[in-house]
S.K.: 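Attaching a single structure in structure tokens format; questions to follow.
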Amino acid sequence: MTNHSEKEETKKPSLNFIEQIIEKEISEGKHDGRVHTRFPPEPNGYLHIGHAKSICLNFGLAQKYNGLCNLRFDDTNPVKEDVEYVDSIQEDIKWLGFDWGDRLYYASDYFDQLYDWAVKLIKEGKAYVDDQSAEEISAQRGTPSKPGDESPYRNRSIEENLDLFARMKAGEFEDGARVLRAKVDMASPNMQLRDPAMYRIKHAHHHRTGDDWCIYPMYDFAHGQSDYIERITNSICTLEFEVHRPLYDWYLDQIIDTEYRPVQTEFARLNITYTVMSKRKLLQLVEAGHVNGWDDPRMPTISGFRRRGYTPESIRNFADRIGVAKRDNVIDVALLEHAVREDLNKKANRVMAVLDPLKVVITNYPEDQYEELHAINNPEDESAGSRIIPFGRELYIERSDFMEDAPKKFFRLAPNREVRLKYAYFIKCNDVIKDEDGNITELHCTYDIDTKSGTGTSTRKVKGTIHWVSIDHALEADVRLYDRLFLTENPDVAEEGKDFKSNMNPDSLSVVKGYVEPYMVNAKAEDKVQFERTGYFCVDKDSTAEKLVFNRTVPLRDSWAKKMNK
RNA sequence: UGUCCGAUGGUGUAACUGGCAACACGUCUGAUUUUGGUUCAGAAGAGUCCAGGUUCGAGCCCUGGUCGGACAACCA
């Protein structure tokens, strides 16, 4: 055995810091070697690519270490939550390729247990009912550098607290009239520990428990306990919950009577250039009509990416590559685009489509004659097979593939220059026809019958190959050309008095009428193709037999355009 | 002004109990190509926030700074 291969075998795959923690726990026999994670969305919006990172992390860890991952809706605030979101979230996770088996849970499943634990805390003198308003409590909380003041209700008798809390539950009080607070430490340097609210009164209809409750637990009083109930080993969340961890542990300390205890670990959330990533901001875009719903292909939501033509594999690969760490990060959107191109290059059939048509008449091709040409569906995948393309006297080519005063390096069509029509013949441009305003309306070309594709009869070579469609056979299609939603790398940096919306790209969507080869007649929603030399496209759900609709997923890399810009 | 967290090429992530800073994206060359795509070959780009210390040896350990982030909803 060579030294080299020995090294290969012994080289450990690099682990992210959470995997290191887990492997250490396993080696120490913690949790009996179990790994059980959970993905805990609040059903108050659609999932975005940042959630995809968390989903891939939590479900991925469970897969890797032979464990389980639960789906748990964190539904403790009925005024913001809705079944629409419960449904879309499940659909998106499944689409991404993950499965929670029969472990679909809701924090609201635990409301009775949570209530009992709250009563227990009251009985132990560790919780009290506060009659003050939210404003008063807030005023007493102090600041990060100044300790808070204790509530005048902090030392009520246990009996009175028990009575008041029962009456809160019974609906005797109005929203906001009272709140149950944990008695921790108003002088704690950690603001989260300054007697945090455990329960608040909300006479609101809950999407699952209906009108059973009019008091609802806060996130902090529900989350750790839910983890505990589900026997979660690793409770993984984003960095902003780091300061909550002492409270997470404090609540657990009050209720735990086993050796087992869940551990919270935090990682940095995902940011992407030219994108905003908060549900609040995305909701604003939807509600203000800046986009057409949560699944608008310009949205960084999972449903938006799905409609845009991204594959689950590409998103999972992306999540893999960005890694997991604790420092703030901004991922270049080019990495995401690379991930889709890489996947689609292998999977998407090639098809010819002209998006900005220029008519070409092949003057030496007989009128009313047509022929069928043979085309490869995917040069990267032989099993994709081949198809037939109709060719005739009148064609469309891309306007950008013709230049009247072409530089030497322009390998496309120009007066007296020759190009190959992909899968067809060489053509030479003889005449440029213009209207009275000088706009080019038509090209007259001649073709060379000896250059037919695949015959090998041509001895000449030509530098460029362009795509085309036969006018008589092409199908008309609406093609939606999507571009980035924001003009600046960090949309949150805005001028004085303005917000992220001032950085929106006014041209993030343009719809053009294009022509595609007849092969696409039976295209179904979410079908993905590459329009040869243009980009990857996906059939939109708005598409019908009468009117095809395509969304541009991502353009092809274009080194020519790059050169032209210099 | 308190507590907690973080700092490695342009970006992101690695570097096992200290041992010549690696991989990916991006950028740039060149080759191949019936997609100016793909593929292939190659290049440039950091000496690891700063200052001390421990050590034969520090990105990793210690001390002190600097900078950045999080925390003051009856949101999650």
Side-chain angles (χ1 to χ4, degrees), chain A residues 10-16 20 40-42 44 74-77 79-81 130 133-134 137-139 141-148 175-181 188-194 196-202 215-216 218-220 222-223 237-246 266 268 273 279-280 320-339 341-342 345-346 350 352 375-376 379-380 409-412 419-424 453-454 462-467 530-535 555-564:
Chain A
T10 53
K11 186 173 181 189
K12 282 186 193 158
S14 73
L15 305 174
N16 66 50
Q20 288 174 14
E42 183 189 14
N44 68 342
D74 224 327
D75 55 350
T76 57
N77 188 359
V79 305
K80 289 191 177 173
E81 296 154 8
D130 197 328
S133 68
I137 291 174
S138 170
R141 199 178 305 278
T143 70
S145 53
K146 226 185 310 138
D175 287 8
R178 285 182 169 78
V179 65
L180 182 71
R181 290 227 259 169
S188 171
N190 182 341
M191 298 290 293
Q192 306 303 322
L193 261 20
R194 319 246 259 232
M198 292 167 60
Y199 268 90
R200 68 302 211 191
I201 303 171
K202 280 179 192 288
I215 56 172
Y216 292 92
M218 299 291 292
Y219 163 85
D220 289 296
H223 203 92
C237 60
T238 45
L239 244 30
E240 63 270 29
F241 292 100
E242 206 160 27
V243 281
H244 292 240
R245 189 170 1 117
E266 311 84 11
T273 54
K279 273 199 253 182
R280 204 192 92 247
D320 245 23
R321 276 174 218 213
I322 58 177
V324 180
K326 293 191 76 161
R327 74 183 85 116
D328 293 333
N329 63 85
V330 186
I331 306 290
D332 191 337
V333 70
L335 182 60
L336 219 206
E337 296 181 343
H338 171 263
R341 288 197 189 103
E342 178 183 52
N345 177 49
K346 291 178 295 188
R350 275 57 168 172
M352 293 201 284
I376 303 295
E380 308 294 320
K409 291 278 197 184
F410 186 78
F411 303 142
R412 307 177 189 180
V419 283
R420 173 185 292 285
L421 293 177
K422 180 134 185 163
Y423 298 126
S453 186
V462 89
K463 191 74 179 162
T465 299
I466 65 173
H467 61 276
Q530 182 195 104
F531 286 169
E532 200 102 24
R533 301 208 306 135
T534 304
L556 249 30
R557 290 186 61 189
D558 188 349
S559 53
W560 168 247
K562 208 178 282 177
K563 193 178 279 183
M564 292 301 280

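The figures that follow rest on heavy atoms only: side chains count, while hydrogens, waters and symmetry mates do not. A note on names: the letters A, B, ... follow the listed sequences, proteins ahead of strands, and every chain is numbered from 1.
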S.K.: Can you check the A:D320 CG to B:C25 C1' distance for me, whole Å?
M.R.: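 Those two atoms, CG and C1', are 14 Å apart.
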
S.K.: Does the side chain of A:S138 get closer than 4.0 angstrom to OP1 or OP2 of B:A73 through an N or O atom?
M.R.: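 Indeed, a polar side-chain atom of A:S138 lies that close.
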
S.K.: When rounded to the nearest Å, what value does the distance between P atoms of B:A21 and B:A15 take?
M.R.: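 After rounding to an integer number of Å, I get 16 Å for this pair.
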
S.K.: What is the distance from CE of A:M218 to C1' of B:A76, rounded to the nearest Å?
M.R.: 9 Å

S.K.: With the 90 degree cut-off around zero defining syn, does B:G37 come out syn or anti?
M.R.: anti

S.K.: Taking B:U11 as the reference, what is the distance to B:G45 when you measure between their C1' atoms (whole Å, please)?
M.R.: 13 Å

S.K.: Any donor-acceptor pair under 3.5 Å linking the side chain of A:E342 with the backbone of A:H338?
M.R.: no

S.K.: Mind checking the C1' distance from B:C4 to B:A44? Whole angstroms is fine.
M.R.: 40 Å

S.K.: Give one of base, sugar-phosphate or nothing for A:F531, where a contact means two heavy atoms less than 4.0 Å apart.
M.R.: nothing

S.K.: Establish whether the base of B:G37 is bridged to the side chain of A:E380 by a donor-acceptor pair shorter than 3.5 Å.
M.R.: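 When only heavy-atom distances are counted, A:E380 does reach the base of B:G37 through a donor-acceptor pair under 3.5 Å.
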
S.K.: Rounding to an integer number of Å, can you tell me how far A:R194 CZ sits from B:C4 P?
M.R.: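 After rounding, the gap between these two atoms is 14 Å.
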
S.K.: Answer syn or anti for B:A51, where the cut-off is 90° from 0 on the glycosidic torsion.
M.R.: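 This nucleotide is in anti.
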
S.K.: Does a side-chain N or O of A:K326 approach OP1 or OP2 of B:A70 to a distance below 4.0 Å, or not?
M.R.: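 No, because none of the side-chain N or O atoms of A:K326 sits under 4.0 Å from OP1 or OP2 of B:A70.
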
S.K.: Under the 3.5 Å rule, do the base of B:A76 and the side chain of A:H244 count as making a donor-acceptor pair?
M.R.: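 It does, because a donor-acceptor pair links the side chain of A:H244 to the base of B:A76 below 3.5 Å.
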
S.K.: What is the nucleic acid contact for A:E342, judged by heavy atoms within less than 4.0 Å: base, sugar-phosphate only, or nothing?
M.R.: nothing

S.K.: Regarding A:R350, tell me which of base, sugar-phosphate or nothing describes its non-hydrogen contacts under 4.0 Å with the strands shown.
M.R.: base

S.K.: Using the C1' atom as the point on both nucleotides, what is the distance between B:C61 and B:A24, in whole Å?
M.R.: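 Looking at atom C1' only, B:A24 and B:C61 are 30 Å apart.
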
S.K.: Can you tell me how far C1' of B:G9 sits from CG of A:D332, to the nearest Å?
M.R.: 14 Å

S.K.: Hey, does A:E532 reach any base, or is it just sugar-phosphate, or nothing, if we go heavy atoms under 4.0 Å?
M.R.: base

S.K.: Looking across every strand, which nucleic acid part, if any, lies under 4.0 Å from A:Q530 by heavy atom: base, sugar-phosphate, or nothing?
M.R.: base

S.K.: Any donor-acceptor pair under 3.5 Å joining the side chain of A:R412 to the base of B:G36?
M.R.: yes

S.K.: Tell me what A:S559 touches on the nucleic acid: a base, only sugar-phosphate, or nothing, going by heavy atoms under 4.0 Å.
M.R.: sugar-phosphate

S.K.: Got a salt bridge between A:K326 and A:E242, using NZ or NE/NH1/NH2 to carboxylate O under 4.0 Å?
M.R.: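 Judged by the 4.0 Å cut-off on N to carboxylate O distance, A:K326 and A:E242 do form a salt bridge.
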
S.K.: Hey, is the main chain of A:E240 close enough, under 3.5 Å, to the side chain of A:T238 for a donor-acceptor pair?
M.R.: no

S.K.: Mapping A:I331 and A:D175 onto RNA chain B by nearest heavy atom, which one lands closer to the 5' end?
M.R.: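 Upstream on the strand: A:I331.
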
S.K.: When all nucleic acid strands are considered with a 4.0 Å heavy-atom cut-off, which category describes A:L335: base, sugar-phosphate, or nothing?
M.R.: sugar-phosphate

S.K.: So, are A:E266 and A:R245 salt-bridged, with charged N and O less than 4.0 Å apart?
M.R.: yes

S.K.: Can a side chain N or O of A:Q20 be found less than 4.0 Å away from OP1 or OP2 on B:A15?
M.R.: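 Answer is yes, contact under 4.0 Å.
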
S.K.: Please report the distance separating the C1' of B:C71 from the corresponding atom of B:U1, rounded so that it comes out in whole Å.
M.R.: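 It works out to 15 Å between them.
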
S.K.: Which whole number of Å gives the distance between the C1' atom of B:A46 and that of B:G10?
M.R.: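 Result for the C1' pair: 11 Å, nearest Å.
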
S.K.: Name the nucleic acid region contacted by A:R327, choosing base, sugar-phosphate or nothing; use a 4.0 angstrom heavy-atom cut-off, strictly under.
M.R.: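 Result for A:R327 = base.
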
S.K.: Relative to the ring of A:H244, is the ring of A:Y219 parallel (under 30°), tilted (30 to 60°) or perpendicular (over 60°)?
M.R.: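 Rings of A:Y219 and A:H244: perpendicular, over 60°.
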
S.K.: Check for me: is A:Y219 stacked on B:A76 by the 5.5 Å centroid and 30° plane-angle rule?
M.R.: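 No, aromatic ring not over the base.
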
S.K.: RNA chain B: A:G176 or A:A334, which has the more 5' nearest nucleotide?
M.R.: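 Comparing both residues, the 5'-ward one is A:A334.
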
S.K.: What does A:G464 touch in the nucleic acid at a heavy-atom separation under 4.0 angstrom: a base, only the sugar-phosphate, or nothing?
M.R.: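 No contact.
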
S.K.: Are A:L335 and A:I322 side-chain neighbours, meaning at least one heavy-atom pair lies under 4.5 Å?
M.R.: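 A side-chain contact exists here, since the closest heavy-atom pair is under 4.5 Å.
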
S.K.: For A:K409, answer base if it contacts any base atom (sugar-phosphate contacts may also be present), sugar-phosphate if it contacts only those atoms, and nothing otherwise; contact means non-hydrogen atoms under 4.0 Å.
M.R.: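 Base contact.
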
S.K.: Does a nitrogen or oxygen in the side chain of A:S145 sit under 4.0 Å from OP1 or OP2 of B:U3?
M.R.: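 Negative; the distance criterion is not met.
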
S.K.: Whole-Å distance between B:G2 P and A:Q192 CD?
M.R.: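 Answer to the nearest Å: 18 Å.
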
S.K.: Within this structure, what is the CZ-to-C1' distance between A:R245 and B:G6, rounded to whole angstrom?
M.R.: 13 Å

S.K.: Please classify the nucleic acid contact of A:T273 as base, sugar-phosphate, or nothing, using heavy-atom distances under 4.0 Å.
M.R.: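 Here A:T273 touches no strand at all.
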
S.K.: Could you tell me whether A:A134 contacts a base, only the sugar-phosphate backbone, or nothing, with contacts defined as non-hydrogen atoms closer than 4.0 Å?
M.R.: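 Result for A:A134 = base.
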
S.K.: Within the distance-only criterion (no hydrogens, no angle test), does the side chain of A:R194 pair as donor or acceptor with the backbone N or O of A:T143 below 3.5 angstrom?
M.R.: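 Yes, A:R194 side chain to A:T143 backbone: donor-acceptor pair under 3.5 Å.
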
S.K.: Give a yes or no answer on whether the side chain of A:R341 reaches the backbone of A:P555 with a donor-acceptor pair at less than 3.5 Å.
M.R.: yes

S.K.: Please answer whether the main-chain N or O of A:V333 pairs with a side-chain N or O of A:T273 as donor and acceptor at a distance below 3.5 Å.
M.R.: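 Side chain of A:T273 to backbone of A:V333: a pair is present.
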
S.K.: Could you tell me how far B:G42 sits from B:U35 if I compare only their P atoms? Round to whole Å.
M.R.: 24 Å

S.K.: Please check the phosphate of B:U35 (OP1 and OP2 only) for any side-chain N or O of A:H467 closer than 4.0 Å.
M.R.: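 For B:U35, OP1/OP2 do not have a side-chain N/O of A:H467 under 4.0 Å.
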
S.K.: Take atom CG of A:N345 and atom P of B:U38, then tell me their distance rounded to the nearest Å.
M.R.: 7 Å

S.K.: Within the structure, does a side-chain N or O atom of A:K562 lie under 4.0 Å from either OP1 or OP2 of B:U27?
M.R.: yes

S.K.: Using a 4.0 Å heavy-atom cut-off, does A:Y216 contact any base of the nucleic acid, only the sugar-phosphate backbone, or nothing at all?
M.R.: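 Here A:Y216 touches no strand at all.
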
S.K.: Rounding to the closest angstrom, what is the interatomic distance between B:G37 and B:U48 at atom C1'?
M.R.: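 Looking at atom C1' only, B:G37 and B:U48 are 37 Å apart.
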
S.K.: Please determine whether a side-chain nitrogen or oxygen atom of A:R141 lies at a distance below 4.0 Å from atom OP1 or OP2 of B:C74.
M.R.: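 So the side chain of A:R141 is within the cut-off, an N or O lying under 4.0 Å from OP1 or OP2 of B:C74.
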
S.K.: NZ of A:K422 versus C1' of B:U38: gap in Å, rounded?
M.R.: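 It is 11 Å, rounded to the nearest whole Å.
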
S.K.: Just to confirm, is there a sub-4.0 Å distance from OP1 or OP2 of B:C74 to any side-chain nitrogen or oxygen of A:R178?
M.R.: no

S.K.: Base, sugar-phosphate, or nothing: which does A:N190 touch, judged by heavy atoms less than 4.0 Å apart?
M.R.: nothing

S.K.: For RNA chain B, what is the dot-bracket line, given that a base pair needs Watson-Crick (N1 to N3, plus N6-O4 or O6-N4) or G-U wobble (N1-O2 and O6-N3) geometry with both distances under 3.5 Å, and | means paired with another strand?
M.R.: .((((((..((((.....[..)))).(((((.......))))).....(((((..]....))))))))))).....

